[in-house]
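Data block below; observations after.
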Amino acid sequence: MLHKVLTALNTQLTLTKQAADNSRQQATHFESIAESRYDSLGLEQAYLAHGLSVRAMECMADIQQIKIILTSLFEKPLNTASCSKQNVHMGSIITLQKTKNLSSIAIYCQLLPIKGGAIIKHNDLDIQLISDRSPLGSSLLGKYADDIVTINAFDYKILDIV
């Protein structure tokens, strides 16, 4: 699963770098030279190029975080005795369900130290990436299966942790 996240982040990084390069080229193109004080196309392109460059650096940091998690997962010895009662930790895939409406569809999410929001397809499931700094992510850390977490007046039951 983390390999899919890494692939998605690498794709996002490539697209962001291309967009930053295009904006930088347009900002310095001779047609972008201001002809009056109201002509701000070149300046706007420069701001866009800067913002995209910052986003590319954030994306590279996210990729490094995922690589650290992958390395630590491969270095950990597998202990099947502790797997039955594991808690939510970085990299966990958590299955949640609202407690008020038990017929509601389960929510699948993965806790990562990166910006959340993206949805990754895995085994025909949509898994939402959530940040450990988000309200949901920070309240899930350290919890166990069958625990209840409350976020924005909604109670969620932890059904499973992988």
Side-chain angles (χ1 to χ4, degrees), residues 1-24 47-162:
M1 176 64 196
L2 285 176
H3 292 290
K4 289 184 181 185
V5 173
L6 199 55
T7 301
L9 284 172
N10 279 317
T11 301
Q12 185 180 22
L13 176 62
T14 301
L15 294 174
T16 304
K17 281 182 175 180
Q18 289 173 350
D21 289 342
N22 288 341
S23 293
R24 208 171 289 112
Y47 281 131
L48 180 60
H50 173 73
L52 289 166
S53 296
V54 169
R55 179 63 193 124
M57 289 180 357
E58 291 171 348
C59 210
M60 288 189 292
D62 289 349
I63 289 169
Q64 284 305 111
Q65 290 290 333
I66 297 298
K67 286 181 179 179
I68 289 169
I69 291 173
L70 279 170
T71 303
S72 69
L73 288 176
F74 287 120
E75 289 175 353
K76 284 183 185 174
L78 289 176
N79 184 358
T80 55
S82 66
C83 289
S84 61
K85 192 67 175 163
Q86 80 176 17
N87 65 345
V88 176
H89 57 277
M90 208 57 67
S92 293
I93 298 175
I94 307 113
T95 307
L96 300 171
Q97 188 174 37
K98 287 185 180 178
T99 58
K100 298 256 191 254
N101 186 1
L102 293 178
S103 65
S104 68
I105 298 172
I107 302 165
Y108 301 94
C109 53
Q110 184 168 27
L111 186 65
L112 295 171
I114 63 173
K115 289 178 176 39
I119 295 176
I120 304 293
K121 280 256 190 229
H122 182 68
N123 295 340
D124 295 326
L125 295 175
D126 289 335
I127 299 177
Q128 173 110 25
L129 303 183
I130 56 172
S131 171
D132 61 330
R133 294 179 296 275
S134 70
L136 179 59
S138 61
S139 63
L140 283 172
L141 268 173
K143 299 288 193 237
Y144 292 90
D146 296 329
D147 284 352
I148 306 284
V149 292
T150 303
I151 302 297
N152 298 331
F154 291 105
D155 291 334
Y156 295 92
K157 181 177 183 180
I158 301 174
L159 301 178
D160 191 27
I161 303 167
V162 180

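Here the structure is a predicted model, which means the values were calculated and not measured.
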Distance from [X] atom [atom1] to [Y] atom [atom2], nearest 0.5 Å?
X: Leu111; Y: Ser134; atom1: CG; atom2: OG; value: 7.5 Å
X: Leu112; Y: Ile93; atom1: CG; atom2: CD1; value: 9.0 Å
X: Gln97; Y: Ile158; atom1: CD; atom2: CD1; value: 12.5 Å
X: Gln18; Y: Leu13; atom1: CD; atom2: CG; value: 10.0 Å
X: Leu136; Y: Ile107; atom1: CG; atom2: CD1; value: 8.0 Å
X: Lys17; Y: Met60; atom1: NZ; atom2: CE; value: 5.5 Å

(request) Test side chain to side chain donor-acceptor pair (under 3.5 Å) on Ser53 and His50 and set out the steps. (result) CA-CA 5 Å; Ser53 296; His50 173 73; over 6 Å; no

Taking all atoms of both residues into account, what is the closest heavy-atom pair of [X] and [Y], and its distance?
X: Ile148; Y: Lys157; result: CD1-CB, 3.7 Å
X: Thr99; Y: Tyr156; result: CG2-C, 4.1 Å
X: Lys121; Y: Asp126; result: NZ-OD1, 2.8 Å
X: Ile161; Y: Lys143; result: CD1-O, 3.7 Å
X: Ser23; Y: Leu48; result: OG-CD2, 3.3 Å
X: Ile120; Y: Lys4; result: CG2-CB, 3.8 Å

[Y] and [X], any side-chain heavy atoms less than 4.5 Å apart:
X: Arg55; Y: Gln12; answer: yes
X: Cys109; Y: Leu96; answer: yes
X: Asp147; Y: Val88; answer: no
X: Tyr108; Y: Gln128; answer: no
X: Val149; Y: Ser139; answer: yes
X: Ile94; Y: Asp160; answer: no
X: Asp132; Y: Met90; answer: yes

(message) Between Lys98 and Asp155, does any NZ, NE, NH1 or NH2 come within less than 4.0 Å of an OD or OE carboxylate oxygen?
(response)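 Here Asp155 does not pair with Lys98 in a salt bridge, since their nearest N and O are not under 4.0 Å apart.
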
